[in-house]
Structures are given as C-alpha cells and as structure tokens.
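Below is one structure, written out as structure tokens, with a few remarks after it.
Protein chains get the first letters and strands the later ones, always in sequence-line order, with residue 1 at the start of each.
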Number of protein chains: 2
Amino acid sequence: MNRTTPAKRTTIYDLAELAGTSASAVSAVLNGNWKKRRISAKLAEKITKLAEEQGYALNMQASVLRRERSKIIGMIVPKYDNRYFGSIVEQFEALARARGLFPIITCTMRDPALELEAARAMLSYQVDCLVATGATDPDRVMDLCAAAGVRTINLDLPGSRAPSVISDNYGGALELTRRVLANCEREYGAKAPLLFIGGRGTDHNTMERVRGFRDAHAEAGVPVDEALVQTCGYAPEKAENAMRQLAERTSNLPRGMFVNSTISLEGVMRWIRRSGHYAERMPHLGCFDWDPFVAMLGDHIEMVRQDVPKMLEAVFGIIDSGATDITVVQVPPIMEKIG
Amino acid sequence: MNRTTPAKRTTIYDLAELAGTSASAVSAVLNGNWKKRRISAKLAEKITKLAEEQGYALNMQASVLRRERSKIIGMIVPKYDNRYFGSIVEQFEALARARGLFPIITCTMRDPALELEAARAMLSYQVDCLVATGATDPDRVMDLCAAAGVRTINLDLPGSRAPSVISDNYGGALELTRRVLANCEREYGAKAPLLFIGGRGTDHNTMERVRGFRDAHAEAGVPVDEALVQTCGYAPEKAENAMRQLAERTSNLPRGMFVNSTISLEGVMRWIRRSGHYAERMPHLGCFDWDPFVAMLGDHIEMVRQDVPKMLEAVFGIIDSGATDITVVQVPPIMEKIG
DNA sequence: CACATTTGCTCAATCGATGAAGCAAGAATT
DNA sequence: AATTCTTGCTTCATCGATTGAGCAAATGTG
C-alpha cells in the first residue's frame with residue numbers, strides 16, 4: 001500500500017496506451033456515447049474493464065471545462081441547525097442526483113456578505129443553476145448570476161427577479177394564529193391578543209406571517225397589541241432577549257404566542273424555563289416550523305410544518321421546464337396536530 | 001437586463017484584450033502573484049478595475065485543471081436531520097473557508113452504496129482531502145481515495161487505515177450510564193439494569209458505548225440484562241419497533257434507558273407517548289447526543305453532547321500538519337446538566 | 001471488378017488558467 | 001561606450017476530456 005509513486009491519477013491517455021487505442025476512443029466509451037461514435041462493442045468492453053482495474057476516475061475539471069453545461073447545481077442555505085433546512089438540503093441532494101446533477105451546497109450563516117461570496121464561488125465552479133434558499137438579498141444574488149448567464153431560483157424567501165418557491169406564509173400563519181387564539185379562549189374564557197416573536201421585520205415571510213397573525217386577530221375581533229409584535233431576529237438569544245425586555249416592561253404577559261421558527265422557539269422556551277414566569281401555567285404556543293421534539297414538549301404547542309417535499313418538487317419542476325418567468329409558487333404548509 | 005448575448009462568461013482573454021495586454025499578465029494580477037511576476041502596479045490596477053467592471057469570475061475548472069492542488073476539500077456525512085451532524089457541517093465549512101479551501105459536502109443517507117458513489121464523485125472533483133463522517137465502511141472509502149493519492153480522515157466513526165477523530169464514546173457512555181443508574185436508584189431505591197437502545201451493533205461507536213454501559217453496570221453491581229441490549233439501528237422507526245417488541249415480550253419494562261442518539265430517541269419517545277406505557281411515571285433517560293428541545297422535555301433526561309468544535313479543530317489540525325499516521329484522536333464529550 | 005457505403009477508429013483543436021522561459025528596453029556599472 | 005542587471009512584459013506548452021473532421025479498411029452494390 002505504500003506507493004512510492006505519488007499516485008498520479010489515471011487519465012484517459014494512460015488507459016488509451018494500455019488498451020492500444022486512442023484517448024478519444026476511451027473518452028467516448030467512458031462517457032457512454034460510444035455507439036454514436038461507432039466504437040465496437042469489443043473495444044468498449046476492453047476499455048471499460050481496464051478503467052475498472054486501474055481505478056480510473058474522470059477528471060471533472062477537465063470534463064466540465066470542455067463541456068457546454070457543467071451539470072453542477074448549487075444551493076446556498078442559511079444554517080443547518082434545524083429540521084426545515086436540514087430536510088431541504090437532503091431533498092435537494094436526492095432530487096439533484098436523480099437527475100444526474102451534482103449538488104454543491106454551502107451555508108451562509110445568515111450573513112449577507114457570505115451569501116454573495118458563496119454565490120460568487122458557485123459561479124466560479126460553473127454551476128448551471130443556483131438555488132438561493134432563505135437569502136437575505138435574493139435579488140443581489142440573482143444579479144450576480146444573471147451577469148454570468150446562470151439561472152437562479154429562490155426558495156423559502158422570494159425575490160423579485162427570479163422564480164420563487166415559498167410556503168403559503170400568510171395562510172399558514174392565519175390558521176396557526178386562529179388555533180392559538182382558540183386554545184387560549186378555551187382555557188381562559190376571554191380573548192386576548194397574542195405575542196408575535198422572532199424573524200426579521202423586513203423579510204417577506206415574516207411580513208406575511210404578521211399579516212396572517214393580524215387577520216386572524218381581526219377575524220376573532222381581538223385588537224392586535226403593537227407592543228407584542230416582536231420581530232427581533234431568528235437567533236435564540238435574540239428571542240430570549242426580547243422576552244426578557246418584554247417582561248420588564250409589562251406585568252401581565254400574553255397567554256399565547258406565535259413563535260416564528262423553531263430556532264426562535266429555542267430562545268423563548270429557554271427564557272420561559274429560566275425566568276420562572278409562566279411557572280404555574282404554560283402559555284399556548286404556535287410555532288411556524290416543525291421539530292419532532294417540540295411536538296413532544298406538551299399539548300400547549302401547535303406547529304406549522306412547511307411542505308419541503310412539495311417545495312423541492314416545485315423547484316425542480318421549474319429547473320426541468322427551463323421556465324424563467326418570475327412567478328411565486330406558494331406551497332401550503334401542513335398543520336401538525338397537537339401531541 | 002435582457003441580454004441578447006447568451007451571457008458568455010468573461011475570461012482572462014477578454015480582459016487582456018480590453019486592457020491591451022496578455023492573458024498571462026491578467027492571470028498573474030488576478031491570482032495575486034503579480035509582484036512575483038514583475039507586473040507594474042499601474043497595469044495591475046487597471047486590470048483589477050476592469051475585472052470588477054466586467055464582473056469577471058475565475059473559471060475554477062480551468063484553474064484547478066492546471067494547478068497542482070485543487071484546494072477543494074470534501075466531506076461525506078450520513079444525514080442532516082440532527083444537531084450533531086448539522087454542527088459538524090457548519091464547523092467544517094467555516095474552518096475550511098478560513099483556510100482558503102472550498103468545502104463540498106454530500107450526504108449519503110446512511111447508505112453504503114451511496115457512500116462509495118459519493119466518494120468517487122469527490123475524487124472526480126479533485127478534492128485534495130476527504131473527511132468521511134460516520135461512514136459505514138471508512139476503510140473502503142480510504143482505499144478508493146488512496147488509489148487516487150487523496151488523503152482521508154475519519155470523523156465520528158474510526159477506520160483502520162487513516163487518522164480518525166472520534167468522541168470518547170466509552171467514557172461518555174460510562175458516565176451517562178452512571179447517571180441514569182443513579183437517577184433510577186434515587187427514585188426507586190433499588191438498582192436495576194437499564195435498556196440500551198439504538199445504533200448498529202457492528203459500528204465502533206455503538207460497541208464502545210455498550211462497553212461503557214456494561215462497565216457502569218458492573219461498577220454499580222448491577223447485572224446487565226442481555227435482552228435489554230437493543231442495537232436495532234438508528235432510525236426512529238427501528239427504535240419504535242424495538243420498543244414495541246420488547247413490551248410484547250416482557251411485562252415489567254426497565255425504569256431507565258440509554259438511548260443511542262437523538263434520532264433513536266425520537267422513536268423511543270414516540271412509542272412511550274403512543275403506547276401509554278410509562279403513563280404514570282416517565283423512565284429515566286440518558287441520550288448520547290444533544291438537542292436543545294430534548295433538554296426541555298423534562299428533568300428525567302440526561303444528555304451527552306459531543307464536542308464538535310474540538311473534534312473539527314482536531315480534524316483540521318491533522319489536515320494542516322499533513323500527518324497521515326493512523327491515530328485515533330478521542331475527544332471527550334460534554335455532560336449536559338439536566339434541565 | 002469498380003465504385004459507394006458503412007464501420008471503426010485516429011487526429012487535432014478546444015475549453016480557460018497557469019507559469020517557465022524568453023525577450024526587449026531602460027538603468028546601472030565599469 | 002560596452003557591459004551587465006533589472007524591469008515589465010509576452011509566448012507557448014500544459015492540465016485532461018470532448019468532439020468535429022477525416023481516413024483507412026471492410027462490406028455492400030451494380
């Protein structure tokens with residue numbers, strides 16, 4: 001096993017020499033279009049066997065350099081710390097592979113600068129197409145790609161210059177808010193405004209969810225308390241801080257909350273347990289996003305689960321069809337039953 | 001914005017023509033070693049500005065093809081559905097980028113065939129180095145890579161032919177089992193054998209954890225009940241099934257359990273809630289792996305959190321040093337306090 | 001048997017970036 | 001003034017795979 005040769009990789013030229021044939025014949029055989037190039041089955045078999053024996057691996061760099069399309073498909077994603085993005089990435093890889101595409105994914109830690117840098121790196125790798133997931137500035141990404149002639153598709157957060165696939169945030173939030181309001185009323189008799197916490201006030205999804213939140217209140221005849229709309233960011237610490245400050249300002253905390261992501265929920269739950277508020281009775285929660293353990297936390301939590309399989313089918317539908325019209329596909333999320 | 005030109009990418013030749021200079025000068029300027037190549041600052045500036053204006057992006061395929069090292073570093077990972085692998089991937093990306101390396105990651109869905117296919121794909125992309133995380137057959141992966149002269153490092157699960165970085169599974173399991181045994185004794189007075197559930201009986205980590213589990217029993221003077229060592233696989237469904245079958249066989253279920261991963265815990269918890277067993281009193285649980293919401297499930301769960309930052313520092317330490325000696329670095333995991 | 005067609009391959013240019021080697025003009029040295 | 005040195009570039013081969021063009025031999029046709 002200790003190769004004195006620094007393990008020079010086998011190339012089609014090496015195989016050609018071994019087979020007593022030309023590199024172009026080897027290439028034709030190995031990339032499968034040897035019939036088109038009229039190579040005999042005999043030679044094809046010989047080359048194939050030899051390639052296997054020598055452990056030949058195609059040099060993608062050389063191949064892509066020469067070819068028109070790279071068959072590489074890129075995705076940028078904010079984080080890997082929750083089930084939503086986790087399953088997006090898993091699905092993306094599976095569907096890409098099923099189409100003979102090579103997926104490359106990179107996470108941007110919700111950092112706008114990293115987002116652009118990542119997109120640039122993907123362009124350097126000659127991706128045929130880039131899926132921008134939860135991008136803070138999808139249109140900038142789109143512009144970068146467009147200049148290089150690369151298609152983009154927005155996922156999770158929409159952009160204005162490329163097709164987008166997102167959840168029906170309004171509809172999901174409306175229904176989720178309804179349920180939490182109903183749960184509160186059932187327990188406390190009276191209707192009272194809920195807290196909205198987490199997310200960025202500037203991102204499309206959060207705005208739509210707030211809209212659903214408001215409309216559900218209106219439906220129920222409950223006025224929204226503006227001090228209780230806390231779009232403080234997604235990170236657990238931010239949600240935790242917002243809760244602390246809220247508790248400092250008011251003495252009677254809301255009996256129900258709309259929590260905008262499991263990530264924010266992490267902070268909310270931490271605060272609830274640490275602060276001792278709600279010690280005698282937990283608030284009714286609605287969480288926009290799903291996590292299996294959150295579902296086990298108790299019967300006071302409702303969840304909306306975004307339909308990742310459908311969303312990714314929609315993304316690849318757009319990719320396959322080659323459509324570039326600026327549409328926004330809205331995929332209805334799934335209400336997860338309590339318990 | 002509607003380019004009639006099919007957006008041919010700008011190359012160094014285009015820039016050379018625009019600048020009235022040669023492609024090699026452009027290349028030298030853009031890859032930063034223009035001082036070494038004695039290009040004047042004036043020309044360098046001109047080229048840099050032009051590149052920016054034209055939105056030039058390096059063609060990595062061409063660059064890598066020519067260069068000795070690709071500066072691409074690969075990782076294969078089983079799944080993205082838990083915090084452990086999620087943070088491994090995030091850390092890996094961050095540390096790779098900090099070193100000027102381009103990370104490519106792919107998940108193998110715990111499928112041995114996909115694992116090899118993924119490794120082959122990485123080789124085709126000329127990775128300089130491959131990190132095999134939780135691989136079912138790290139040595140096969142290593143052999144593939146070695147044939148192409150590519151270094152591998154095993155993470156999470158060790159191999160016998162490449163350096164490995166893993167958790168101290170024995171130590172973590174020993175301590176975790178001790179705590180669960182103690183918690184059970186505290187509540188029920190008597191000592192009784194625990195259930196071990198989840199993981200593959202054949203993988204190194206599970207074997208080591210079972211060893212820790214056994215030794216903690218021995219220490220406490222409690223005999224291990226062999227029928228209660230259920231290495232049924234990681235998937236939630238498998239753990240759930242194992243629980244169901246166990247309950248069919250015996251009437252008095254164990255009052256404490258060692259659950260081998262949060263993923264298996266998902267199945268265990270589901271069964272507990274659905275079956276109605278343990279309705280009057282929850283069992284004491286120890287989970288090998290950490291999740292923020294599991295931590296909130298109640299005070300009956302202890303967790304071992306693998307020290308991902310330290311593990312990845314160790315991985316990159318090996319990469320940076322160029323060491324290839326077959327060592328196993330064991331990183332102590334962290335006990336998470338209840339609550 | 002002369003010619004056309006088909007079969008089975010090889011040749012050589014190409015993709016874009018890189019860097020060793022080389023060359024011309026100016027500056028410094030003797 | 002003749003020489004060496006330095007500066008600031010350019011030329012060209014190269015990485016490995018792909019593919020249009022082309023060519024010789026085998027086969028078919030009249």
Side-chain angles (χ1 to χ4, degrees), chain A residues 6-47 51 54-72 102 123-126 128 148-149, chain B residues 6-47 51 54-72 102 123-126 128 148-149:
Chain A
K8 207 69 195 70
R9 294 162 128 87
T10 313
T11 71
I12 52 169
Y13 296 93
D14 303 329
L15 294 179
E17 195 160 358
L18 286 168
T21 180
S22 72
S24 72
V26 174
S27 171
V29 169
L30 296 181
N31 68 28
N33 63 1
W34 52 281
K35 296 227 163 165
K36 208 181 306 168
R37 300 206 41 132
R38 296 186 313 218
I39 307 288
S40 64
K42 203 181 101 198
L43 181 57
E45 199 179 348
K46 184 178 178 185
I47 290 173
Q54 300 292 314
Y56 170 79
L58 175 68
N59 184 325
M60 270 298 168
Q61 259 70 39
S63 179
V64 168
L65 176 60
R66 189 66 229 293
R67 275 167 6 205
E68 186 64 21
R69 296 184 49 231
S70 69
K71 299 194 168 193
I72 301 175
F102 186 80
L123 291 180
S124 277
Y125 282 91
Q126 311 297 111
D128 285 336
Chain B
K8 207 69 194 70
R9 294 162 127 88
T10 314
T11 71
I12 52 169
Y13 296 93
D14 303 329
L15 294 180
E17 195 160 355
L18 285 169
T21 181
S22 72
S24 77
V26 174
S27 171
V29 168
L30 296 179
N31 69 28
N33 61 4
W34 53 281
K35 297 226 162 167
K36 210 181 304 169
R37 310 255 338 247
R38 298 188 311 219
I39 306 289
S40 64
K42 203 181 102 198
L43 181 58
E45 201 180 348
K46 184 178 177 184
I47 289 173
Q54 300 292 315
Y56 170 79
L58 175 68
N59 183 325
M60 269 297 169
Q61 256 68 40
S63 179
V64 167
L65 176 59
R66 189 68 228 292
R67 272 162 16 201
E68 185 64 20
R69 295 183 51 229
S70 69
K71 301 196 167 193
I72 301 175
F102 186 81
L123 290 180
S124 278
Y125 283 91
Q126 311 298 109
D128 285 335

Please confirm whether any donor atom in the side chain of A:Ser24 sits under 3.5 Å from an acceptor in the base of C:dC11, or the reverse.
yes
Keeping the roles fixed (side chain from A:Ser70, backbone from A:Val64), state whether a donor-acceptor pair exists under 3.5 Å.
no
Atom CD of A:Gln126 and atom C1' of C:dC15 are separated, to the nearest Å, by 10 Å
DNA chain C nearest-nucleotide lookup for B:Ile12 and A:Ala41: closer to the 5′ end is A:Ala41
When the nearest nucleotide of DNA chain D is assigned to B:Leu65 and to B:Leu43 on a heavy-atom basis, which residue is associated with the more 5' position?
B:Leu43
Measure from CG on B:Asn31 to P on C:dG16 and round the result to the nearest Å.
17 Å
Residue B:Asn59, side-chain heavy atoms: nucleotide from D:dA17, D:dG8, C:dG16 that is nearest:
C:dG16
Using atom CD of A:Glu68 as one end and atom P of D:dT19 as the other, report the distance to the nearest whole Å.
10 Å
B:Ser40 side chain, from C-beta outward: closest of D:dC23, C:dG16, D:dC9:
D:dC9
Nearest-Å distance, CH2 (B:Trp34) to P (D:dT7)?
14 Å
Kindly indicate whether the side chain of B:Thr11, heavy atoms from C-beta on, has any atom under 4.5 Å from the side chain of B:Asn59.
no
Given D:dG8, C:dA17, C:dT10, which nucleotide is nearest the side-chain atoms of A:Ser22?
C:dT10
Side chain of A:Tyr56 (C-beta onward), nearest among D:dG8, D:dA17, C:dA17:
D:dA17
Rounding to a whole Å, what distance do you find between B:Met60:CE and C:dA17:P?
11 Å
Value in whole Å for how far the P atom of D:dG8 lies from NZ of B:Lys36
17 Å
Could you tell me whether the side chain of B:Arg37 has a donor or acceptor atom within less than 3.5 Å of a complementary atom in the base of C:dG19?
yes
Taking the six-membered ring for Trp and the full ring for Phe, Tyr or His, determine whether the centres of A:Phe102 and B:Tyr125 are under 6.0 Å apart.
yes
Take atom CZ of B:Arg38 and atom P of C:dC23, then tell me their distance rounded to the nearest Å.
14 Å
Could you please name the option among D:dG16, C:dA17, C:dC9 that lies closest to any side-chain atom of A:Thr21?
C:dC9
Checking all strands, does A:Leu30 fall into the base, sugar-phosphate, or nothing category for heavy-atom contacts under 4.0 angstrom?
nothing
To the closest 0.5 Å, what do you measure between CZ (B:Arg67) and CG (B:Asn31)?
8.5 Å
For A:Thr11, which contact category applies under a 4.0 Å heavy-atom criterion: base, sugar-phosphate, or nothing?
sugar-phosphate
Whole Å only: how far is the CD1 atom of A:Ile39 from the P atom of D:dT19?
13 Å
Hey, are the side chains of A:Gln61 and B:Met60 touching, using non-hydrogen atoms and a 4.5 Å cut-off?
no
